[in-house]
Amino acid sequence: MTIYALVDANNFYATCEKVFDPSLADVPLVVLSNNDGCIVARSAEAKELGIPMGAPMHQWKGFCANHGVVIKSSNYALYGDMSSRMLAILQKLCPDVESYSIDESFLKLDGFSDATVLGYEIRQTLQQHIKVTCGVGIGPSKTLAKFANHIAKKHPEYGGVFSVSDAPKIEFEQLMAYYPVNEIWGVGRQLSKRLTADGIETVLDLSRCDAKAIHARYGVVLAKTVRELRGEACISFDDIAAPKQQIIASRSFAGVTTDYQTVKAALSHHISRAAEKLRLQESVCAHVYVMIRTNPFREQDPQYRKTILMPLPHPTADTAVLMKAAMAALRKGFIPGFRYHKCGVMLGEIHPMNALQTDLFASVDDPKRLRLMGLLDSINKRQGSGTLHMASTQLSAAWHMRAENRSPRYTTCWEELPVAYA
DNA sequence: TCTGGGGTCCTAGGACCC
DNA sequence: TCTGGGGTCCTAGGACCC
């Protein structure tokens, strides 16, 4: 039987900020989402103060000022780099690693004689090498490894590592009976509301349900969860990252706008980013979706949201072709008069560039254009993103997002390296 | 004044066909 | 006056995740 581990960094973004600024060591700290909108990470001290996850920043500004909470805009260049260092360390310790999110990885522990010992070694190594503390959960399925990870973090007596098979059955059942069903991976707000109404309130309740009955009433996803909770691995393990099937680039504006040119400039910027991501994974796409919407939180405003699909004449990774299609979609979907708050683009129908066969499609990108795109990407990579861009991006800068308290990109930008004084 | 962004998977329902 | 039903394919949207 395969044993899975889930390694998950504690307070990852907040920790990344603290690693490079020792003066923040014991200070409560929060990290904000893009646009400085809401709180997406909290240090242990900030959690203790009772600041909730996902809280709108504007509601907590006064509180943070009163309690000396340090506020950081998000710095994804830094977190992304720390994340790859973390992954590299895990890959050294274990041959089968699936990177699940920026701060979480699943490991397959086949061939290790003592999974728990390895868990402690992982914890110690990450602490030593990159000053990131993590929890390790171990179990016979991914869902159980996730739940074990939750226990490892919430119950300090386990020392940050919890293995389902180490715990006596009665002890584990007590833990399952203690936690509400929404602590389980895959059970969100809607499902837990329905489950609770049906009398399934705890993790233990759910694990004892009949999988067939759950399938009939709640669907195939939750039925899998039930089987996973009983130790039957149903969710596959992917150690090589598959290319993305859809690529999204979107942002809300710093405020709202009624101006077509402003939306167009923002959209143009997003297309460039999305196309760059598409070429980075060596793919082409055949669908462009353009999304625009008003601010749903402004209930006094008339609301409008629209997604417009624009099929492309042939699969492409050419920014100019994508741009033309997206602009046509925007003309179709833009209704003057609304106060727009966000726009974005999604690329769909993605195929690997090299698998395209000319007899399957009417035509493919001109190799000359592809070389031009490659040049564009390499200049932007060397000189900084946005050095070369489409003219339409410059139409307006009115949409640009806020990031008032971003820390330096310590590890990825020469100009922002940390300075050591002797 | 100010409420994220980027993903995956599943399903309901419409269009179309015979 | 009576006016099918089942299968397939596609898309939009929802639920979930971090």
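To find a chain, count down the sequence lines: A is the first, B the second, and so on, and within it residues start at 1.
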Checking A:K142 now: which residues fulfil salt bridge (charged side-chain N to carboxylate O under 4.0 Å, His left out) with it, not counting sequence neighbours? A:E98
With heavy atoms under 4.0 Å as the rule, sort A:D36 into base, sugar-phosphate or nothing. nothing
Requiring both pairing distances under 3.5 angstrom, list the stems that contain DNA chain B and are made of three or more consecutive Watson-Crick or G-U pairs. B:5-18 with C:5-18
Rounding to a whole Å, what distance do you find between A:W185:CH2 and C:dC17:C1'? 8 Å
Ignoring backbone atoms, establish whether A:R194 has a side-chain N or O less than 4.0 Å from OP1 or OP2 of C:dA15. no
Summary of protein contacts for nucleotides 6-13 of chain B, nucleotide by nucleotide, where a base hit scores B, a sugar-phosphate-only hit scores S (4.0 Å, heavy atoms): SSBSSS--
Starting at NZ of A:K146 and ending at P of C:dC17, how long is that distance when rounded to a whole Å? 8 Å
Below 4.5 Å, heavy atoms only, C-beta onward: do A:L229 and A:L144 meet side chain to side chain? yes
Under 4.0 Å between a side-chain N or O of A:K61 and OP1 or OP2 of B:dT1? no
Taking all non-hydrogen atoms of both residues into account, name the closest pair between A:R339 and A:D301 and its distance. NE-OD2, 3.0 Å
Neighbours of DNA chain B within residues 39-52 of chain A, by heavy-atom distance under 4.0 Å: none
Give the rounded distance in Å between these two atoms: CE of A:M86 and P of C:dC18. 14 Å
Span that lies between the C1' atom of C:dG4 and that of B:dC16, in whole angstrom: 15 Å
Find the distance A:Y100:OH to C:dC16:P and express it as a whole number of Å. 13 Å
Any non-hydrogen side-chain atom of A:Y304 less than 4.5 Å from a side-chain atom of A:I292? yes
Under 4.5 Å between any side-chain heavy atoms of A:Y218 and A:L195, yes or no? yes
Do the side chain of A:S33 and the main chain of A:C38 share a donor and acceptor less than 3.5 angstrom apart? yes
Pairwise ring-ring contact (aromatic ring centres under 6.0 Å, His included) hits with a residue in residues 82-107 of chain A, at least two apart: A:Y100-A:F106, A:Y100-A:W185, A:F106-A:W185
side-chain hydrogen bond (donor to acceptor under 3.5 Å, both in side chains), that's the test. Do A:D166 and A:T116 meet it? Break it down for me. CA-CA 8 Å; A:D166 287 356; A:T116 310; 2.5 Å; yes
What is the distance, rounded to the nearest whole Å, between atom CG of A:L32 and atom C1' of B:dT3? 11 Å
How many Å lie between NZ on A:K72 and P on B:dG4, as a whole number? 22 Å
A:H150 NE2 to C:dC18 P, in whole Å, measures 11 Å
I want to know whether A:F162 and A:H155 have ring centres closer than 6.0 Å. no
So, OP1 or OP2 of B:dG5: does either fall under 4.0 Å of a side-chain N or O from A:H270? no
Phosphate contact (B:dT3 OP1 or OP2) by A:N295 side-chain N/O below 4.0 Å: yes
Between B:dC2 (C1') and A:Q300 (CD): distance, integer Å: 12 Å
Residue pair A:L191 / A:K193, side-chain heavy-atom distance below 4.5 Å: no
Among residues at least two apart in sequence or on other chains, which ones pass side-chain hydrogen bond (donor to acceptor under 3.5 Å, both in side chains) with A:W60? none
Let's go through A:R208 and A:E173 carefully: what are the C-alpha distance in whole Å and the side-chain angles of both, what is the deciding distance for salt bridge (Lys or Arg N to Asp or Glu O under 4.0 Å) to 0.1 Å, and is it a yes or a no? CA-CA 11 Å; A:R208 287 179 170 166; A:E173 288 197 343; 3.4 Å; yes
